[in-house]
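Below, read A as the first sequence line, B as the second, and so on, with proteins coming before strands; counting in each chain starts at 1. Note: hydrogens, waters and symmetry copies are ignored here, and every other heavy atom, side chains too, is used.
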Number of protein chains: 2
Amino acid sequence: MARNFASSDMAHGPIYKRIKNQLTERLASGEWKPNEAIPSETRLAQEFDVSIGTIRKAIDELVADKILVRQQGRGTFVAAHTQDRFLYHFFHVVNEDGTRRLPVTELLAFRKERADEGVARRLFLDRGARVVHFRNLLCIEGAPVEVNDVYLSADRFADFTRDLLANRPGTIYQLYQDHYGINVIRISERIRSAAAQHPEAQLLGLPGGAPVLAIERTAFTYGEAPVELRRSLVNTEHHVYLNEMAKQV
Amino acid sequence: MARNFASSDMAHGPIYKRIKNQLTERLASGEWKPNEAIPSETRLAQEFDVSIGTIRKAIDELVADKILVRQQGRGTFVAAHTQDRFLYHFFHVVNEDGTRRLPVTELLAFRKERADEGVARRLFLDRGARVVHFRNLLCIEGAPVEVNDVYLSADRFADFTRDLLANRPGTIYQLYQDHYGINVIRISERIRSAAAQHPEAQLLGLPGGAPVLAIERTAFTYGEAPVELRRSLVNTEHHVYLNEMAKQV
DNA sequence: AAGTGGTCTAGACCACCAT
DNA sequence: TGGTGGTCTAGACCACTTA
């Protein structure tokens, strides 16, 4: 013992950073699934042959990233999405007065197709790769507010069926998590204003040419790997897209 | 010397939490000003009579909260808003391809007036209260992209002049910080889609009725006190509003 | 060279949970 | 009772900045 080295004994960077990366990789590989416990700090310290303090520092950062959750006396677990923790997290469309209501989803279309240029680029796929594509209509208190076109890699989401989508209990991201062990941890949205056209305008109960929000969202899992592309049109006549930010990162 | 207590020797909660609170209070009292160094970890450890590791843990959290900034070899400093650290934080309009460019601001109008219903509600003022109102045009690479109408309480921002605004070096929030000691720490934005009308459409180089983003932003300081109301119209023909969210809170 | 933050260790005891 | 995470210590050496 008493190795007392500060920076490394291989590769580069601090040990705890490399341990963090290795843990992230094992998370991404599916070795530990959402809501499962990872090995105890003591065991990891033995496995990596470092002090417990170093393991704790690696885990500290993963906890800060909301990738792991500690529970004193029980263990450290893989963070998972729940209805509450999730829906209101990445779903930002609320009533005009700021109150939140649960949206009701209606599946309008479902098919497998080939990725065009735009879809392929966002999902890091080759053009022409097989993708699952479905369209949703979201209504809040009976009023249509959002049309979603969702694209997934057919490879990654093998055996993805219309039934799976229709009969799920929770959010779509819970479906990815529970059926495919894919945990969405980051989202990037690009928002523009557009004029609604024929079919979508009607779905949203708007006249042709009415202004709507056009949102292109990419969802990522561990290691910045894209999971889902979603293109949404939002009717903001009686709803708003609410974005709150604290001084952070 | 080996006191080895875990929770406390007075009050409640872990020592590092109480040290964090005390440091925060001394920060708030103005004992250390933005960009000044706080005492070294060694000195603080002596002062509080705890191990350096405990001080580090307290400072770790303040750094995570972006209240302090560490610089190896130099010291630990009180975080301040700077051009970089700030502008790109609450300013989300970027080029179509995702690249960020510094916007150029042009002051179009400046006057003091009475708060109408909407302004008063957002700023927690009485209707008719005196407010500062100014209008900005933001251009990115020469192209007009955003018109801002900004409202401030004339009471809180006493002696706020056109010159102050025109001759400031950094961002507007730096101005609030440096001249009024008001630190914006949270922002809430309500985004809708709208059709641009006469004067604003022209300013943005758009035909009347063109779809634009209409953003109503409220900026808050400590204690959820509203500081500024800003109404923006954004031309998204060649720019997008980029919103990135990690799994958080 | 002196001082600062950055990393790491080895071991102590506490608080909490399951059994 | 045994295992887990939570806090704290005392001291080592590294990396960086300043003078």
Side-chain angles (χ1 to χ4, degrees), chain A residues 1-23 27 32 35-79, chain B residues 1-23 27 32 35-79:
Chain A
M1 34 0 198
R3 285 153 68 197
N4 270 4
F5 53 92
S7 54
S8 73
D9 50 1
M10 60 170 282
H12 39 276
I15 295 179
Y16 76 89
K17 283 284 188 191
R18 286 186 284 122
I19 291 178
K20 179 185 176 188
N21 287 339
Q22 289 190 44
L23 292 177
L27 244 6
W32 307 304
N35 288 319
E36 282 182 12
I38 68 169
S40 76
E41 297 175 349
T42 317
R43 215 178 306 279
L44 287 172
Q46 291 165 356
E47 182 183 331
F48 285 102
D49 190 27
V50 295
S51 154
I52 243 190
T54 303
I55 294 292
R56 279 190 66 80
K57 189 145 187 186
I59 294 182
D60 279 348
E61 293 208 350
L62 291 168
V63 169
D65 296 343
K66 306 292 174 195
I67 287 174
L68 296 177
V69 176
R70 285 204 175 97
Q71 285 184 244
Q72 188 174 73
R74 301 222 312 129
T76 302
F77 301 82
V78 181
Chain B
M1 3 27 192
R3 285 154 67 196
N4 270 2
F5 53 92
S7 54
S8 73
D9 50 0
M10 61 171 280
H12 41 277
I15 296 178
Y16 76 90
K17 284 284 188 191
R18 285 186 286 123
I19 291 178
K20 179 187 175 186
N21 287 340
Q22 289 190 44
L23 291 177
L27 244 5
W32 307 305
N35 289 319
E36 281 182 13
I38 68 170
S40 76
E41 297 176 349
T42 317
R43 216 178 306 279
L44 287 172
Q46 290 166 357
E47 182 183 331
F48 285 103
D49 190 27
V50 295
S51 154
I52 243 190
T54 303
I55 293 292
R56 278 190 67 79
K57 189 146 187 185
I59 294 182
D60 278 347
E61 295 207 350
L62 291 167
V63 168
D65 296 344
K66 307 291 172 194
I67 288 174
L68 295 177
V69 177
R70 285 203 174 97
Q71 285 184 243
Q72 188 175 81
R74 301 224 308 133
T76 302
F77 301 83
V78 182

Expressed in angstrom and rounded to an integer, what is the separation of [X] atom [atom1] from [N] atom [atom2]?
{"X": "A:Arg43", "N": "D:dG2", "atom1": "CZ", "atom2": "P", "value": "16 Å"}
{"X": "B:Phe48", "N": "D:dC8", "atom1": "CZ", "atom2": "C1'", "value": "16 Å"}
{"X": "A:Gln72", "N": "C:dC16", "atom1": "CD", "atom2": "P", "value": "6 Å"}
{"X": "B:Tyr16", "N": "D:dT7", "atom1": "OH", "atom2": "C1'", "value": "8 Å"}
{"X": "A:Asp60", "N": "D:dT7", "atom1": "CG", "atom2": "P", "value": "9 Å"}
{"X": "A:Glu61", "N": "C:dT7", "atom1": "CD", "atom2": "P", "value": "9 Å"}
{"X": "A:Leu62", "N": "D:dG5", "atom1": "CG", "atom2": "C1'", "value": "15 Å"}
{"X": "A:Arg70", "N": "D:dG3", "atom1": "CZ", "atom2": "P", "value": "20 Å"}

Within the 4.5 Å heavy-atom criterion, are [X] and [Y] side-chain neighbours or not?
{"X": "A:Asn35", "Y": "A:Phe77", "result": "no"}
{"X": "A:Tyr16", "Y": "A:Val50", "result": "no"}
{"X": "B:Arg70", "Y": "B:Asp60", "result": "yes"}
{"X": "B:Ile59", "Y": "B:Ile38", "result": "yes"}

Establish, with yes or no, whether the OP1 or OP2 oxygen of [N] is under 4.0 angstrom from a side-chain nitrogen or oxygen of [X].
{"X": "B:Arg56", "N": "C:dG6", "result": "yes"}
{"X": "A:Lys57", "N": "C:dT7", "result": "yes"}
{"X": "B:Thr54", "N": "D:dT9", "result": "yes"}
{"X": "B:Thr76", "N": "C:dG5", "result": "yes"}

Check: Could you state the interatomic distance from CD1 (B:Ile67) to NZ (B:Lys20), rounded to the nearest 0.5 Å?
Finding: 7.0 Å
Next item on the list: Could you pick out which residue, A:Ile52 or A:Gly75, lies toward the 5' side of DNA chain D when each is mapped onto its nearest nucleotide?
Entry: A:Gly75
Checklist line | Pairwise 5' ranking along DNA chain C for A:Ser51 and A:Arg74, keeping only the more 5' one | finding: A:Ser51
